[in-house]
Each structure stands twice: as C-alpha cells, then as structure tokens.
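Let me begin by presenting the structure, written as structure tokens, before commenting on it.
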There are 2 protein chains.
Amino acid sequence: MSVKLAASGIFVKPEPTKIGRSENTRADIMNAAFRFLWSHPFRELTIDKLMDQTSVSRPSFYNYFSDTHELIESLLEILESDILQGASPWLTDDGDPVALLHQSLAAEVHVCYRCGPFLKAITDAAGTDARLEAGWYGMLERFDDAVIERVIADQALGLIESFDPWSVATALNQVNASMYVRAFGQRPRSRPGPVLDAISRLWISSLYGERWVASRMSTLHREQGTSR
Amino acid sequence: MSVKLAASGIFVKPEPTKIGRSENTRADIMNAAFRFLWSHPFRELTIDKLMDQTSVSRPSFYNYFSDTHELIESLLEILESDILQGASPWLTDDGDPVALLHQSLAAEVHVCYRCGPFLKAITDAAGTDARLEAGWYGMLERFDDAVIERVIADQALGLIESFDPWSVATALNQVNASMYVRAFGQRPRSRPGPVLDAISRLWISSLYGERWVASRMSTLHREQGTSR
DNA sequence: GTAAATTCTGACAATATGTCAGTCAAACTC
DNA sequence: GAGTTTGACTGACATATTGTCAGAATTTAC
C-alpha cells in the first residue's frame with residue numbers, strides 16, 4: 001500500500017506489504033505535510049494542524065520526527081533524487097553538450113514545476129533551522145560540484161572558455177533554484193515555458209556562447225512537454 | 001545624534017537635535033536589531049533578547065513595531081535606496097552599456113557585501129511573514145522593472161537581441177539576490193571578487209554576448225575597489 | 001507648580017512546543 | 001488461548017515566546 005501525493009509525482013511509500021502501523025503512520029504524516037504545504041505556506045504548518053489531518057494524536061508526531069524541520073528534511077531527500085535523475089543527461093551522457101544541457105534543464109524545470117509550492121516550503125523552512133539549512137545548502141553544493149565537473153571537462157575540450165568554474169557554476173545553480181521558488185512556489189504558478197527560456201539563455205550563453213541560444217529557443221516549446 | 005551601524009554603512013538617525021525619547025528609542029531598537037543580526041541569524045532574534053540590548057523594556061517594543069517582521073521591513077526600506085543608488089549608472093546614464101553595466105554590478109556587489117548577513121536575515125524573515133514577503137518581492141519587482149526598461153531600450157537600438165525581457169530580467173536579478181545571500185550572508189563571507197566575476201559573466205554574456213566578457217574580466221579586480 | 005500627553009513597565013492571557021508517565025494493542029511464547 | 005513482551009499511542013504537564021493592558025513614571029505645555 002503506497003500513497004500517491006496529489007499533483008506532485010512524489011510517493012511516500014511505507015513497507016509495501018508488511019503490516020506494522022509504524023511505517024504507515026510515518027508515511028501518513030509525510031503525506032499530510034506534503035498535502036498541507038501544497039496549499040499553505042510553511043509558516044502556517046503547526047504540528048497540531050498537521051496531526052489533525054492524520055489518524056493519530058499530536059504527541060505521536062514526536063515518535064517519527066523531532067520537529068517540523070526534520071520532517072521537511074525527510075521530504076527533501078525524496079525530492080533531491082528526483083531532480084538529480086532528470087538532470088543527468090548533460091552531467092553524464094556523451095553527445096552535443098548544448099543539446100544535452102537544454103534537455104537536462106527542461107527536465108529539471110518540469111520536476112520543479114510539479115512540486116513548486118513544496119520547493120518554496122523547503123527554502124522557507126531552511127531559514128528557520130540551522131540543520132535543515134545545512135541540508136539544503138548541501139544539496140545545492142552537490143549540484144554545484146556536478147556542474148563544475150562537467151564545466152572543467154568541457155573546458156579541457158575547448159568547448160567552454162577557461163574561467164573559474166566554481167563561481168559561475170554556483171551562480172547558475174542559484175538562478176535555477178531561486179527561479180523555481182519564485183515562479184513556481186506560489187499559486188497560480190508561472191508557466192514553465194518562459195522560465196525554461198530564461199534559464200536556458202543564461203546557461204547556454206554564459207557557458208557555450210550566445211550563438212547557440214537562438215537555435216535552442218525556437219524549438220523550445222515543442223520539446224518541453226516530452227521529457228521525463 | 002545619529003548612530004552608525006557597525007560595518008554596515010547604514011545609518012538609523014532619529015530627529016537630529018530634537019529631544020523626545022520616542023525617536024531615539026526607535027532608532028535604538030533598529031540599531032540593536034541590526035547589530036544582533038550581524039552575528040546571529042534571524043531565527044534567534046526574540047523580542048526579549050533584542051530589547052535586552054536597548055535601554056527600555058520588552059513591552060516598549062510594541063510602541064514602535066507590531067512585531068519583528070515590521071521591524072525588518074523598516075530596515076529593508078533603508079537598504080533598498082542604498083542599493084538602487086549604486087545601480088543607477090547602467091539604468092539611467094548614457095555611454096558604453098557594457099561598461100556601465102559592469103560598473104553598476106560592481107557597486108551593487110559592494111553594497112551587498114557590506115550588509116550580507118543582514119540581507120540574509122531579510123530573506124529568512126520574508127519566509128515567515130506574508131507582509132514582509134510581499135515587501136521583499138515588491139523590491140525585487142521594482143528592480144526587475146528597471147532592468148526590463150533598460151533591456152527594451154537597448155533592444156530597440158539593436159544592442160541586445162530581441163527576446164522576452166521579462167523572464168531574463170527576472171532571472172538575472174534573482175542571480176544577484178541569491179548570490180549575495182549565499183556568498184555574503186554568513187560569515188566568513190566569500191570574497192566579493194569572484195562573485196562579481198560570475199555575476200558579470202552571466203549578465204554580459206546573456207544580454208550583450210560573450211565577446212564582451214573577456215575584456216571585462218581582465219580588468220575586474222582593479223576596478224572593483226574604486227566604485228561608490 | 002500643575003495638568004496633559006506621551007512613554008514606559010509589571011503582570012496577565014494566549015499559543016505552540018516538547019516531554020513523560022502511563023495506557024493500549026499487537027505479536028510472540030508456551 | 002492466556003500471559004508476557006514490545007512498541008505505539010495519548011492526556012496532562014512544563015516551558016518559551018508572544019501580544020495586551022492598566023497603571024506608573026516621565027516629559028512637555030501652560
């Protein structure tokens with residue numbers, strides 16, 4: 001028995017067939033949180049209101065999470081693997097780097113569009129807790145490292161101009177994260193098309209040069225729906 | 001009698017010579033907050049601890065601000081004018097657009113480096129209060145609008161390729177804001193040089209094309225200290 | 001010097017959090 | 001299937017922070 005989270009594509013599944021109420025309760029809480037955060041900001045999430053949406057009482061929350069931040073952290077882990085997976089073409093595959101980059105960005109936009117309000121909840125929550133903030137920055141740094149690695153490889157091939165990859169990679173990943181939060185974090189969400197346009201322009205022009213940008217933009221809206 | 005905020009360049013000045021304890025107390029509180037946020041994250045700011053750093057008692061806080069968010073909002077207003085002022089060359093002046101843009105970005109980096117931890121406090125606080133969040137987004141939108149206006153003007157002159165200016169301007173401003181918070185928001189702060197490098201590369205390559213980037217980068221570290 | 005106005009504070013009520021001892025139910029033993 | 005063990009659950013409590021208010025204290029006006 002696994003529970004699908006509405007409109008998010010994220011599953012929180014307890015042990016598939018095993019009985020034990022514990023794992024079910026944990027998934028129950030996580031699902032209630034995700035559902036709540038889809039229509040309310042993180043600041044309105046109290047443990048009281050959250051547990052009202054489950055079958056157990058408020059103190060039971062503390063059997064599974066030490067506080068709301070730890071709960072968010074658990075949800076964040078699920079999200080990270082989802083995003084990384086979509087971003088893999090450019091990071092790992094061989095082939096036209098500009099095409100692969102665009103494909104990866106499209107996939108990332110797609111995932112983040114689908115969980116925008118939750119993404120916003122994470123960044124809001126990160127500001128209120130040191131541990132979660134470290135977790136969030138840790139995730140961003142893992143993304144940075146992956147991008148840096150790819151940039152260095154392409155610099156060695158002469159595809160990318162030789163500049164300090166660290167600061168540019170950091171900045172580019174920041175663009176994405178902050179755009180997703182701002183554009184998709186509150187409903188009604190912005191349409192993903194223009195966001196992908198803007199992000200693609202920044203990544204491609206600052207890494208590979210603007211001569212590639214125009215060709216990508218024209219086919220953009222046809223491609224965006226197909227990925228992932 | 002005006003009080004200078006340590007290492008920030010921001011002044012909170014009560015009525016210059018007038019007596020009246022009210023305005024002095026208000027400035028006293030704002031300065032205490034700024035000082036506190038320089039070395040502690042926003043989440044650790046309680047009204048109790050804040051007012052311990054002033055000469056009056058905790059309930060007095062409510063004579064001046066309805067809560068901590070309103071206090072941050074007041075400090076934000078001071079900051080906005082500071083930043084806008086430095087960014088004016090590219091936005092309003094005539095001349096080589098790439099040079100002016102670089103000059104504006106350098107000034108903005110300079111200001112934001114000087115109040116990095118406070119900037120982080122604002123974004124953290126924005127996540128915990130709807131009104132402050134609206135104020136923060138409002139400020140970002142005013143920046144967006146100014147950039148859009150300039151982009152449209154340069155597109156009309158053929159200096160910038162014709163693309164949807166809204167999404168690109170939004171993305172570019174997001175780069176800056178999020179980089180400032182991440183790089184300068186926690187001590188030890190990153191050095192401003194590489195941050196300016198990365199930001200400049202993104203702005204210049206995505207707006208005017210990468211052929212301008214290299215020339216800017218070489219002179220960068222000599223220029224950065226002189227502006228403003 | 002006295003009255004009016006403003007600023008300040010001690011004490012209170014409200015809300016959310018985290019803890020814990022004790023209860024309850026499932027599952028295991030024989 | 002009765003008794004025991006294990007783990008999940010809950011009511012009640014202690015704590016922390018917030019926001020309010022009536023009255024005290026201080027400044028300003030006359």
Side-chain angles (χ1 to χ4, degrees), chain A residues 1 3 12 14-33 36-37 40-74 121 124-132, chain B residues 1 3 12 14-33 36-37 40-74 121 124-132:
Chain A
M1 166 199 174
V3 189
V12 178
E15 282 297 294
T17 48
K18 207 76 167 287
I19 314 117
R21 49 188 166 163
S22 176
E23 282 304 307
N24 279 319
T25 305
R26 188 185 163 89
D28 197 9
I29 296 173
M30 289 175 79
N31 280 309
F36 182 93
L37 293 172
H40 305 273
F42 174 76
R43 59 176 163 272
E44 288 174 17
L45 179 72
T46 69
I47 296 173
D48 212 349
K49 276 192 278 185
L50 173 64
M51 298 307 284
D52 271 357
Q53 303 303 312
T54 70
S55 54
V56 290
S57 71
R58 189 179 69 78
S60 291
F61 176 86
Y62 296 97
N63 287 337
Y64 303 97
F65 308 98
S66 66
D67 55 27
T68 49
H69 306 107
E70 200 177 287
L71 165 63
I72 301 290
E73 213 176 342
S74 299
D124 286 350
T128 68
D129 180 76
R131 213 179 105 110
L132 179 56
Chain B
M1 166 198 172
V3 188
V12 178
E15 283 294 294
T17 47
K18 209 73 166 290
I19 314 115
R21 50 188 165 165
S22 175
E23 284 303 308
N24 279 319
T25 304
R26 188 184 163 88
D28 196 9
I29 296 172
M30 289 174 79
N31 280 309
F36 182 93
L37 293 173
H40 306 272
F42 174 76
R43 58 176 163 268
E44 288 174 16
L45 180 73
T46 68
I47 296 172
D48 211 348
K49 277 192 276 185
L50 173 65
M51 298 307 283
D52 271 358
Q53 303 302 312
T54 70
S55 52
V56 291
S57 71
R58 189 180 67 78
S60 292
F61 175 86
Y62 297 97
N63 287 337
Y64 303 96
F65 307 97
S66 67
D67 54 26
T68 50
H69 306 106
E70 199 177 289
L71 165 63
I72 301 289
E73 213 176 344
S74 299
D124 285 350
T128 67
D129 181 75
R131 213 179 105 111
L132 180 56

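Chain letters run A, B, ... following the sequence lines, proteins first, then strands; residues in each count from 1. The basis for the numbers below is simple: all heavy atoms, side chains too, and nothing from hydrogens, waters or symmetry mates. From a predicted model like this one, the values you see are computed outputs, not experimental measurements.
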Legend entry - Nearest heavy atoms of B:Ala32 and B:Thr54, plus distance in Å: CB-CG2, 3.8 Å

Legend entry - Main-chain N/O of B:Ala27 paired to B:Asn24 side chain as donor or acceptor, under 3.5 Å: no

Legend entry - Stepwise side-chain contact (heavy atoms from CB on, under 4.5 Å) check, B:Asp28 with B:Ser55: CA-CA 8 Å; B:Asp28 196 9; B:Ser55 52; 3.5 Å; yes

Inset, instruction - With the side chain of B:Pro59 defined as its heavy atoms from C-beta on, choose the nearest nucleotide among D:dT17, D:dC21, D:dA12. - result: D:dC21

Inset, instruction - Check every atom of C:dG18, D:dT10, D:dG19 against the side chain of B:Asp67 and return the nucleotide holding the closest atom. - result: D:dG19

Length of the [atom1]-[atom2] vector between [X] and [N], whole Å:
X: B:Met51; N: C:dC8; atom1: CE; atom2: P; answer: 8 Å
X: A:Lys49; N: C:dT15; atom1: NZ; atom2: P; answer: 12 Å
X: A:Phe61; N: D:dA8; atom1: CZ; atom2: C1'; answer: 16 Å
X: A:Ile29; N: D:dT10; atom1: CD1; atom2: P; answer: 10 Å
X: A:Ile47; N: C:dT19; atom1: CD1; atom2: P; answer: 10 Å
X: B:Asp48; N: D:dT15; atom1: CG; atom2: P; answer: 16 Å
X: B:Asn63; N: D:dT26; atom1: CG; atom2: C1'; answer: 14 Å
X: B:His69; N: D:dT18; atom1: NE2; atom2: C1'; answer: 12 Å

Inset, instruction - Check every strand shown and say whether B:Ser60 touches a base, only sugar-phosphate, or nothing at a heavy-atom separation below 4.0 Å. - result: base

Inset, instruction - Would you indicate, yes or no, if D:dC9 has its OP1 or OP2 atom less than 4.0 angstrom from a side-chain nitrogen or oxygen of A:Tyr64? - result: yes

Inset, instruction - State whether A:Thr25 places a side-chain N or O below 4.0 Å from either non-bridging phosphate oxygen (OP1 or OP2) of D:dC9. - result: yes

Legend entry - Within-4.5 Å side-chain heavy-atom neighbours: A:Arg131 and A:Glu73: yes

Legend entry - hbond_proxy B:Arg58 side chain to C:dG10 base (donor-acceptor, 3.5 Å cutoff): no

Inset, instruction - Name the orientation class of the two ring planes belonging to B:Phe61 and B:Phe65 (parallel below 30°, tilted from 30 to 60°, perpendicular beyond 60°). - result: tilted

